[in-house]
Amino acid sequence: MIYVDADACPVKAEILKVAERHNFPVTFVANSGLRPSRDPMVTNVIVSNGFDAADDWIAERCGTGDIVITADVPLAGRCVASGALVTGPTGRVFDETNIGMATAMRDLGAHLRETGESKGYNAAFSPRDRSQFLETMERLCRRSKATPA
């Protein structure tokens, strides 16, 4: 199963492309409207507007061998702890070896923004990011298939 934190996800089309090739069902989870799909392998879940509602929905359901796509580091940490394979939309993989550092860097960035030391601008999503994401998704799909159920 592939779970997508779909609010503002820039790689939905790429996810569907790779998922179709590997015959993986995809669940897009968001707080607001998603474009309906006629593909029976795609499910759209709209959750309440509550704080972290989409994150909670994904974290409660993902498990070993599932793939989660999110840019949200706290959600990534919860999913890694559940045994899921996690990547961000730029192809950055989150796993047991780097989630602690990713969390620390996120917290440092938040602190710097709060104190005015940093404006907190994110780099624009690039074609290189899209390409890296596709490579990462291929690798994670193969790993997921090799994971014992």
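Please read all numbers here as calculations on a predicted model, not as lab measurements.
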Visitor: Contact between Cys9 and Ile15 at the side-chain level, heavy atoms closer than 4.5 Å - yes or no?
Guide: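 With C-beta onward as the side chain, the pair touches.
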Visitor: Please report, to 0.1 Å, the donor-acceptor pairs under 3.5 Å made by any side chain of residues 26-37, with sequence neighbours excluded.
Guide:
unit_1, atom_1, unit_2, atom_2, d
Asn31, ND2, Ser48, O, 2.7
Ser37, OG, Asp39, N, 3.1

Visitor: Quick one about Thr97 and Asp95 (side-chain donor to acceptor, distance below 3.5 Å, no hydrogens or angles considered), yes or no?
Guide: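 Checked: Asp95/Thr97 side chains pair up, N/O donor to acceptor below 3.5 Å.
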Visitor: Got a second to check how far Asp5's CG is from Asp72's CG, nearest 0.5 Å?
Guide: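 One gets 6.0 Å once the value is rounded to the nearest 0.5 Å.
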Visitor: Do Arg139 side-chain atoms and Leu134 backbone N/O form a donor-acceptor pair below 3.5 Å?
Guide: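 Such a contact is absent between Arg139 side chain and Leu134 backbone.
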Visitor: Would a 4.5 Å heavy-atom cut-off, applied to side chains only, mark Met41 and Glu20 as touching?
Guide: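 No, too far: nothing below the 4.5 Å cut-off.
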Visitor: Mind checking whether Ile67 and Met1 have side chains closer than 4.5 Å, heavy atoms only?
Guide: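 Contact flag for Ile67/Met1 side chains = no.
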Visitor: With the side chain counted from C-beta on, respond yes when Ile2 and Ile69 share a heavy-atom pair under 4.5 Å apart, and no when they do not.
Guide: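 Yes, close enough: below the 4.5 Å cut-off.
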Visitor: Check for a donor-acceptor pair, side chain of Ser144 on one end and backbone N or O of Gly65 on the other, with a separation under 3.5 Å.
Guide: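 It does hold such a pair.
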Visitor: Holding to side chain to side chain contact (heavy atoms under 4.5 Å, CB included), I want the full list of residues that pass it with Glu135, two or more places apart in sequence or in another chain.
Guide: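 Here the qualifying residues are Ser131, Gln132.
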Visitor: Show me the donor-acceptor pairs, under 3.5 Å and distance only, between side chains in residues 52-63 and residues at least two apart or in other chains.
Guide:
unit_1, atom_1, unit_2, atom_2, d
Asp56, OD1, Arg78, NH1, 2.8
Asp56, OD1, Arg78, NH2, 3.2
Arg61, NH1, Trp57, O, 3.1

Visitor: Atom CZ of Arg143 and atom CD of Glu138: how far apart are they, to the nearest 0.5 Å?
Guide: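 Those atoms lie 14.0 Å apart.
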Visitor: Distance check, rounded to the nearest 0.5 Å: Phe133 atom CZ versus Thr90 atom OG1?
Guide: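 Result: 9.0 Å between the selected atoms.
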Visitor: Applying a strict under-4.5 Å side-chain criterion to I, L, V, M, F, W and Y, I'd like to know whether Phe125 and Leu16 cluster together.
Guide: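 Per the 4.5 Å side-chain linkage, Phe125 and Leu16 are co-clustered.
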Visitor: Measure the shortest side-chain to side-chain distance between His22 and Met137 over non-hydrogen atoms and say whether it is less than 4.5 angstrom.
Guide: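 No, every pair of side-chain atoms sits at 4.5 Å or beyond.
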